[in-house]
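Scroll down for the structure; my scribbles are underneath it.
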There are 2 protein chains.
Amino acid sequence: MSDAKDKPDELSADTTVPKAVVSRLSLYLRELQRLTREGEETTSSTQLGRLLGFTDAQVRKDLAYFGQFGYPGIGYRCHELIHAIKQILGTNQPWPLALVGLGNLGRALTNYKGFGSQGFQLCAAFDIDPTKVGQTIDGIPIFHHDDIARIVKEKNIRLAIVAVPATAAQGVADALVAAGIEGILNFAPVTLGLPKEIHTVGVDLAIELEQLSFAVVSRQAKNG
Amino acid sequence: MSDAKDKPDELSADTTVPKAVVSRLSLYLRELQRLTREGEETTSSTQLGRLLGFTDAQVRKDLAYFGQFGYPGIGYRCHELIHAIKQILGTNQPWPLALVGLGNLGRALTNYKGFGSQGFQLCAAFDIDPTKVGQTIDGIPIFHHDDIARIVKEKNIRLAIVAVPATAAQGVADALVAAGIEGILNFAPVTLGLPKEIHTVGVDLAIELEQLSFAVVSRQAKNG
DNA sequence: TAGATTGTTAATCGATTAACAATC
DNA sequence: TAGATTGTTAATCGATTAACAATC
């Protein structure tokens with residue numbers, strides 16, 4: 001399937017891709033990387049689906065948005081599919097990241113190794129505390145908020161993580177957008193108001209926990 | 001609308017509620033709380049939708065899964081709707097939480113104030129490091145992994161946060177489930193294999209960042 | 001070949017949006 | 001009353017699943 005067959009451009013989506021498909025793509029990638037670590041050469045839509053709780057049809061349909069990656073009768077070669085998904089997600093290239101806010105969460109993130117292996121690398125941190133500015137933390141230089149625009153441009157940073165208190169988040173986001181940032185991972189518990197061309201993903205611990213408490217109480221309401 | 005009208009049970013869903021509805025409910029709650037902090041008495045489906053990027057119809061439809069909370073011609077009284085959503089999500093009651101793993105992320109969470117205000121409270125932490133066990137961190141007692149079952153039962157803990165390395169996560173999850181935990185917020189970058197009656201929510205920083213890199217590269221592919 | 005598995009089409013299912021009578 | 005806004009039904013839209021010919 002390496003050749004593009006009748007598809008004009010094998011790795012770019014012709015039709016618009018649902019958000020849910022993209023997050024499953026990330027899950028496939030994570031699972032494929034685990035399988036290769038465990039020595040597997042190939043896998044199948046059935047196996048991937050079973051490991052992640054999806055149907056085999058869904059796995060195949062998701063991948064079909066982007067091209068043909070499998071071999072009928074055989075399945076998918078793990079390393080090939082990993083390569084293809086990374087290309088789709090854009091993580092075959094490195095992504096320098098900015099981190100704004102060095103409270104508890106921000107400092108934990110400077111130390112976090114989890115996304116380094118996926119091509120993301122913190123290369124500038126920002127805070128307003130004058131005792132922090134000018135220092136480095138885990139090898140990452142700390143700058144003042146006022147330098148966001150300059151540093152973002154100098155280091156060609158396109159994605160940023162916001163880990164400041166809720167009250168400061170919108171101002172920080174505005175500064176990042178003004179500096180040319182294209183995507184924001186927001187840990188502050190607020191919905192940011194931003195131009196629609198700026199991509200945002202929000203992670204709010206309270207909201208995640210609320211999904212769990214709802215699931216638990218609604219299940220017990222059903223079952224008595 | 002305080003009376004239940006023709007609905008048999010105003011706050012429990014008769015039909016099964018989509019996951020997406022529940023997470024929007026959390027967003028409505030967060031926004032309503034912000035509006036009341038800013039002194040607003042009432043709001044409307046149009047205002048809530050605009051603030052969060054949804055249509056007004058969707059806001060009303062989501063709420064309609066659970067009952068009638070609004071006043072035609074007026075909108076929603078913020079404090080009433082907050083109360084109702086908390087009851088739906090189960091967060092009108094306190095939820096003691098267990099935290100497993102006291103690495104960078106785990107320690108950041110012990111200090112995090114964000115979910116306390118929503119009724120969630122860390123009341124036991126677990127680690128295997130003997131220098132940590134027996135200490136307290138931010139007022140939270142630290143126990144050994146081997147005591148998970150005992151402490152979970154003693155403290156009536158139903159929800160847990162897993163913040164251990166990927167390789168340890170499945171074992172920890174199994175221990176939590178054996179101890180009677182009903183829901184897990186998993187920060188480890190693995191899909192946990194658990195009985196279907198156990199609810200899990202996964203938060204993986206790399207995956208969130210991948211959603212952003214995809215959005216950025218696919219947009220530029222489209223626009224040139 | 002027989003068995004396995006893909007990619008894709010059609011059928012099903014579910015979720016979102018539009019529209020509007022009912023209400024304040 | 002006139003204007004605003006709800007709750008709900010019907011129409012639209014989108015996503016998932018089932019089925020199967022094509023392929024190895």
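In what follows, chains carry the letters A, B, and so on, assigned in the order in which the sequence lines appear, proteins first and then strands, with residues in each chain numbered from 1.
- Taking only side-chain nitrogens and oxygens, A/Thr55 never comes nearer than 4.0 Å to OP1 or OP2 of D/dT16.
- Across the protein-nucleic acid pair, B/Gln58 atom CD and D/dC13 atom P stand 16 Å apart, rounded to whole Å.
- The CG-C1' distance, from B/Asp56 to C/dA19, rounds to 11 Å in whole Å.
- The side chain of B/Gln68 contributes an N or O atom lying less than 4.0 Å from OP1 or OP2 of D/dT8.
- In this model, the phosphate group of C/dG7 is not approached by any side-chain N or O of A/Arg60 to a distance below 4.0 Å at OP1 or OP2.
- Rounded to whole Å, atom C1' of D/dT5 lies 13 Å from atom CG of B/Leu63.
- Spacing between atom CZ of A/Arg77 and atom P of D/dC24 amounts to 11 Å, rounded to whole angstrom units.
- For C/dG3, the paired base is D/dC24 (Watson-Crick or G-U wobble, both distances below 3.5 Å).
- DNA chain C is contacted by both A/Ser44 and A/Lys61; A/Ser44 maps to the nucleotide lying nearer its 5′ end (nearest heavy atom per residue).
- Under the Watson-Crick or G-U wobble criterion, with both distances below 3.5 Å, D/dG14 is paired with C/dC13.
- Side chains of A/Thr91 and A/Gln118: a donor-acceptor N/O pair is absent below 3.5 angstrom, by distance only.
- For the 3.5 Å distance criterion, the side chains of A/Ser45 and A/Arg60 qualify, holding a donor opposite an acceptor.
- At most 12 heavy atoms of other shown residues, nucleotides or ligands fall within 6.0 angstrom of atom CD in B/Glu41.
- Of the side-chain N and O atoms in B/Arg24, one or more sit less than 4.0 angstrom from OP1 or OP2 of C/dT16.
- Taking a 6.0 Å sphere around NZ of A/Lys113, one finds it holds more than 12 heavy atoms contributed by other residues, nucleotides or ligands.
- One interatomic measurement links the two molecules: CG of A/Asp62 to C1' of D/dT16, which rounds to 10 Å at whole-angstrom precision.
- In the model, B/Asn104 has no side-chain atom that pairs as donor or acceptor with a side-chain atom of A/Tyr112 under 3.5 Å.
- Between A/Val21 and B/Gly75, it is B/Gly75 whose nearest contact on DNA chain D lies nearer the 5' terminus.
- Distances shown here put every side-chain N or O of A/Tyr65 at or beyond 4.0 Å from the OP1 or OP2 atom of D/dT16.
- Side-chain atoms of A/Pro72 lie closest to C/dT5 of the nucleotides C/dG7, C/dT5, C/dT16.
- Between A/Phe69 atom CZ and D/dC24 atom P there is a gap of 17 Å when expressed in whole angstrom units.
- The interatomic distance linking A/Tyr76 (OH) with C/dT5 (P) rounds to 11 Å, in whole Å.
- With a cut-off of 3.5 Å on both pairing distances, the Watson-Crick or G-U wobble partner of D/dT8 is C/dA19.
- For C/dT5, neither phosphate oxygen OP1 nor OP2 lies less than 4.0 angstrom from any side-chain nitrogen or oxygen of A/Ser45.
- For the pair B/Ile74 CD1 and C/dA22 P, the interatomic distance rounds to 19 Å; values are reported in whole Å.
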